[in-house]
Amino acid sequence: MTKSANLGFPRIGAHRELKKSLEAYWKGDSDAAALHAAARELRARHWQLQQAAGIDIIPSNDFSLYDHMLDTIAALGAIPPRFAGISDPDQLYFAMARGSAAAPAMEMTKWFDTNYHYIVPEFYAGQHFALSTSKALDHYREAKALGIETRPVLVGPVTWLSLGKAKDDGLDPLSLLDAVLPVYAELLAALKAEGAEWVQIDEPILALDLCDVQRAALRRAYEVLQPVAPRIMLATYFGALLDNTDLAASLPVAGLHIDLVRAPEQLATVLKALPTSKVLSVGVIDGRNIWRADLDARFALVNQAWDSVGPDRLEIAPSCSLLHSPVDLDGETDLDDELRSWLAFARQKLAEVAALSTAMQRGRGAAKAAFDASAAAAASHRQSARIHRPEVAHRAAQPTDLSRKSVFAERRVAQRDRFKLPAFPTTTIGSFPQTSEVREQRSAFKKGRIDVAAYDAFLEAETERAVRIQERLGLDVLVHGEFERNDMVEYFGEQLDGFAFTKNGWVQSYGSRCVKPPVIYGDVSRPAPMTVRWSAYAAALTDRPVKGILTGPVTILQWSFVRVDQPRSQTCRQIALAIRDEVIDLEAAGIGIIQIDEPALREGLPLRQRDWDVYLRWAVDCFRASASGVADDTQIHTHMCYAEFNDIMPSIAEMDADVISIETSRSDMELLEAFRDFRYPNEIGPGVWDIHSPRVPGQADMEALMRKAAHGIPADQLWVNPDCGLKTRGWPEVEASLANLVATARALR
Ligand code: GLN
Ligand code: ZN
């Protein structure tokens with residue numbers, strides 16, 4: 001009989017209970033016993049909720065106190081030597097995640113193309129592994145004690161090794177496979193002995209471009225593991241298997257899960273490749289977005305699989321773990337009924353999975369209510385005037401000028417003439433400290449405790465203070481400080497049409513940190529200027545140039561839940577045109593320098609290299625559309641803060657910003673090599689102050705970094721600035737650091 005399955009449930013809790021428990025524990029306000037009790041309660045609640053939703057195959061060990069990759073590090077005893085002395089398992093676990101007085105935290109990075117960050121395993125030559133935690137087993141038993149049979153989830157060995165980092169030169173993490181497999185085998189055998197019939201092993205790297213060593217490792221891993229393990233459901237997700245289809249289908253395991261939301265077209269090829277002995281799990285409900293599914297369309301897809309594999313070899317599931325979805329739409333009491341009818345969070349997605357399996361088992365009529373509601377939502381979605389706004393679509397369909405009036409060499413002359421900045425001009429990235437007072441005033445305003453006049457007066461005073469401090473420090477290009485912004489995307493989303501905001505739509509970003517992405521549900525337009533008031537206010541206070549600060553279209557898109565009824569490129573273009581209008585309005589208000597932040601441009605890169613060019617083309621064009629409406633003597637800046645520019649350097653250059661500021665201090669200017677080797681033609685501000693650290697950088701440190709930068713890049717192209725915005729820092733360190741930064745520039749001159 002066709003079963004419904006889930007691959008993973010959000011851990012954080014509908015009201016971020018896990019966040020609160022973790023933070024209380026870290027602060028010392030509660031002990032480990034209280035933390036574990038809260039976690040156990042969440043697990044029980046989530047298992048019962050999945051059972052109540054009608055899910056036949058419920059996962060365990062998907063819960064984590066911090067991160068599933070870190071859980072795997074702990075389970076395999078892959079403890080980096082700097083944590084060796086810590087004997088308490090909780091202390092050890094959180095020291096790896098967050099650092100301790102004696103040892104810096106392990107690195108973290110983005111999990112595939114999600115906004116979830118995992119802890120990066122560290123590998124050493126000759127590393128030894130041993131089964132070191134019993135979490136998978138404990139959680140399996142814990143569910144069983146509640147009367148719930150579960151399918152334990154593990155990160156697969158090849159994904160785990162592939163996502164790690166070798167700490168010794170010349171070491172290939174995959175060479176450690178044979179050292180890791182016995183530990184996996186021991187764990188899997190223990191789960192089998194405990195009664196687990198199935199396990200889910202995630203190998204999402206199967207959706208990436210693989211090398212021969214990885215392919216061989218996958219084959220070897222499952223040849224070793226399946227004979228001793230419960231039946232293995234090998235889960236792939238986040239994309240199509242493409243050239244890995246035959247490999248994935250032929251690995252010696254009992255089942256294969258595929259993502260049919262990101263890649264519905266792969267069903268036919270997978271069906272052809274899949275041996276008749278295997279179970280196929282079809283991921284047909286989107287685990288990565290918040291839209292209600294069109295159940296009839298999904299039903300047709302499931303039927304196509306059913307025709308080929310039959311009822312007993314089929315499972316219906318979300319596309320991936322629901323870790324990337326908010327928990328429960330029922331908490332969204334502030335959304336209007338129409339908007340709510342278009343959405344589904346984790347709990348609602350499980351109901352969709354269950355409805356599909358009911359329909360497969362007993363006919364569509366047996367799940368009539370769910371199908372009818374889905375069809376009604378789809379119909380209202382197709383027709384809604386809130387979504388489809390002809391004037392917006394019409395404008396986006398017209399060609400827009402994507403180029404500045406003149407080439408950079410000519411613009412540069414006009415800009416130098418206008419601003420007469422000294423060599424090595426100094427500036428900051430936009431935000432100044434969001435002090436507790438700033439946050440308190442904003443919250444008082446939002447709760448109606450102070451009125452708009454009082455709030456604006458406060459913001460004006462903060463802005464003026466920031467301007468005076470920058471003048472006193474001697475910075476060349478000032479900023480207004482972004483005191484009016486809660487978040488660089490939310491601030492714009494709140495002022496644009498086509499966006500909605502949830503009350504509780506939290507998604508885990510890392511550890512206890514969650515984000516609440518805006519929802520882009522309809523055509524995007526800008527009813528009124530968004531930032532001109534604050535930039536103009538600051539500019540009127542001073543003779544020095546004030547830089548306007550905007551968030552770029554790609555970053556706004558990337559950090560939101562985006563509608564799926566039109567291509568992302570089209571939605572991005574609508575945002576780009578709204579930002580373009582803002583840029584033009586800033587220029588008209590006399591703001592001669594405008595920065596359009598695109599920190600998320602690189603993280604939008606598709607998982608497969610063959611898709612990069614198409615993405616980069618539209619992403620760069622959207623940036624250009626937003627930036628190109630101004631005169632030659634208006635200076636456009638952009639800012640990015642992530643590692644690695646090497647592989648996308650031509651696209652960075654094509655953005656054609658007059659000035660780009662980038663994060664470089666943590667990598668000791670290494671990131672600048674790409675700009676040097678490429679002979680990047682425009683101006684660059686390499687960050688000389690690591691704003692992630694509370695440390696005040698000395699003038700000597702910053703001078704050394706700048707001299708290093710000036711080694712490869714002509715001095716007259718260089719700016720001096722911090723790595724990123726200063727919102728998380730305190731004023732005393734900001735003033736001290738910026739004083740040193742200005743002194744650095746003066747020394748260089
Ligand atoms: N202008 C933003 C700030 O200064 C940029 C933040 C970012 O790059 N993430 O805060
Ligand atoms: Zn930044």
Side-chain angles (χ1 to χ4, degrees), residues 110 115 117 426-435 438-439 442 459 462-463 466-467 469-470 475 477-493 509-510 513 515 517-518 530-531 534-535 538 546-560 579 582-583 586 591 593-604 623 626-627 635-645 652 655 657 659-667 671-672 684-693 719-731 733-734 737-738 741:
K110 274 172 189 284
N115 224 329
H117 301 70
T426 54
T427 191
T428 60
I429 307 304
S431 57
F432 273 114
Q434 290 263 328
T435 56
V438 172
R439 280 180 275 123
R442 181 178 307 127
L459 292 175
E462 284 295 298
T463 305
V467 167
I469 290 173
Q470 293 173 81
L475 284 148
V477 173
L478 313 193
V479 296
H480 74 282
E482 302 183 23
F483 300 105
E484 75 288 6
R485 302 184 190 176
N486 35 358
D487 171 273
M488 65 186 289
V489 171
E490 193 169 281
Y491 181 76
F492 290 91
S509 171
Y510 64 91
R513 288 283 278 269
V515 294
M530 303 181 283
T531 66
W534 294 109
S535 292
V546 168
K547 176 168 69 170
I549 309 280
L550 304 173
T551 303
V554 184
T555 297
I556 292 180
L557 184 86
Q558 196 61 30
W559 291 349
S560 301
I579 299 295
E582 185 72 14
V583 169
L586 281 168
I591 307 298
I593 304 182
I594 301 165
Q595 176 176 305
I596 307 170
D597 292 330
E598 285 290 20
L601 187 106
R602 191 180 202 287
E603 64 185 60
F623 178 86
S626 69
Q635 187 172 67
I636 298 289
H637 290 221
T638 189
H639 164 71
M640 294 186 188
C641 43
Y642 48 68
E644 281 194 73
F645 294 90
I652 305 274
M655 290 168 73
V659 184
I660 181 170
S661 61
I662 56 169
E663 176 187 324
T664 40
S665 75
R666 274 194 289 188
S667 73
L671 292 176
L672 269 191
I684 313 171
V688 289
W689 164 20
D690 174 10
I691 60 86
H692 302 92
S693 151
W719 286 61
V720 185
N721 50 256
D723 266 340
C724 192
L726 306 175
K727 66 194 272 186
T728 57
R729 300 268 61 96
W731 272 111
E733 23 175 330
V734 164
S737 303
L738 289 179
L741 186 144

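Nothing here was measured: the structure is a model prediction, and the numbers come from that model. Remember, it's 1-based here, ligands and their atoms both numbered in the order they're listed. Note that these values count all heavy atoms, side chains included, but never hydrogens, waters or copies made by symmetry. Positions are given from 1 along the sequence.
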Any side-chain to backbone donor/acceptor pair from [X] onto [Y]? Under 3.5 Å, distance only.
{"X": "T551", "Y": "D597", "value": "no"}
{"X": "E490", "Y": "P518", "value": "no"}
{"X": "Q470", "Y": "V479", "value": "yes"}
{"X": "E482", "Y": "F432", "value": "no"}

Query - Donor-acceptor side-chain pairing of E603 and W559 below 3.5 angstrom - result: yes

Query raised in the report: Any N or O on S431 sitting closer than 3.5 Å to an N or O of ligand 1?
Result: yes

Query raised in the report: Looking only at distance, does Q595 have an N or O less than 3.5 Å from an N or O of ligand 1?
Result: no

Closer than 4.0 Å to some heavy atom of [X] - which atoms of ligand 1 meet that?
{"X": "I429", "value": "1 (N), 4 (O)"}
{"X": "I549", "value": "1 (N)"}
{"X": "M488", "value": "6 (C), 7 (C), 9 (N)"}
{"X": "G430", "value": "4 (O)"}
{"X": "G725", "value": "3 (C), 4 (O), 10 (O)"}

**Report entry** Nearest heavy-atom neighbours spanning Q595 and I429
**Finding:** NE2-O, 2.9 Å

Report summary line: Taking every heavy atom of K727 against every heavy atom of N486, the minimum-distance pair comes out as NZ-O, 3.6 Å

Query raised in the report: Does ligand 1 have a heavy atom under 4.0 Å from the side chain of H639, from its backbone, from both, or from neither?
Result: side chain

Query raised in the report: Heavy-atom distance under 4.5 Å between the side chains of F483 and T435, does that happen here?
Result: no

Query raised in the report: Atom CH2 of W689 and atom CG of L738: how far apart are they, to the nearest 0.5 Å?
Result: 5.0 Å

Query raised in the report: Atom NE2 in H639, atom CG in D723: separation rounded to 0.5 Å?
Result: 8.0 Å

Requested in this report: Could you give me a count of protein N/O/S atoms that are under 2.8 Å from the Zn ion (ligand 2)?
Outcome: 3

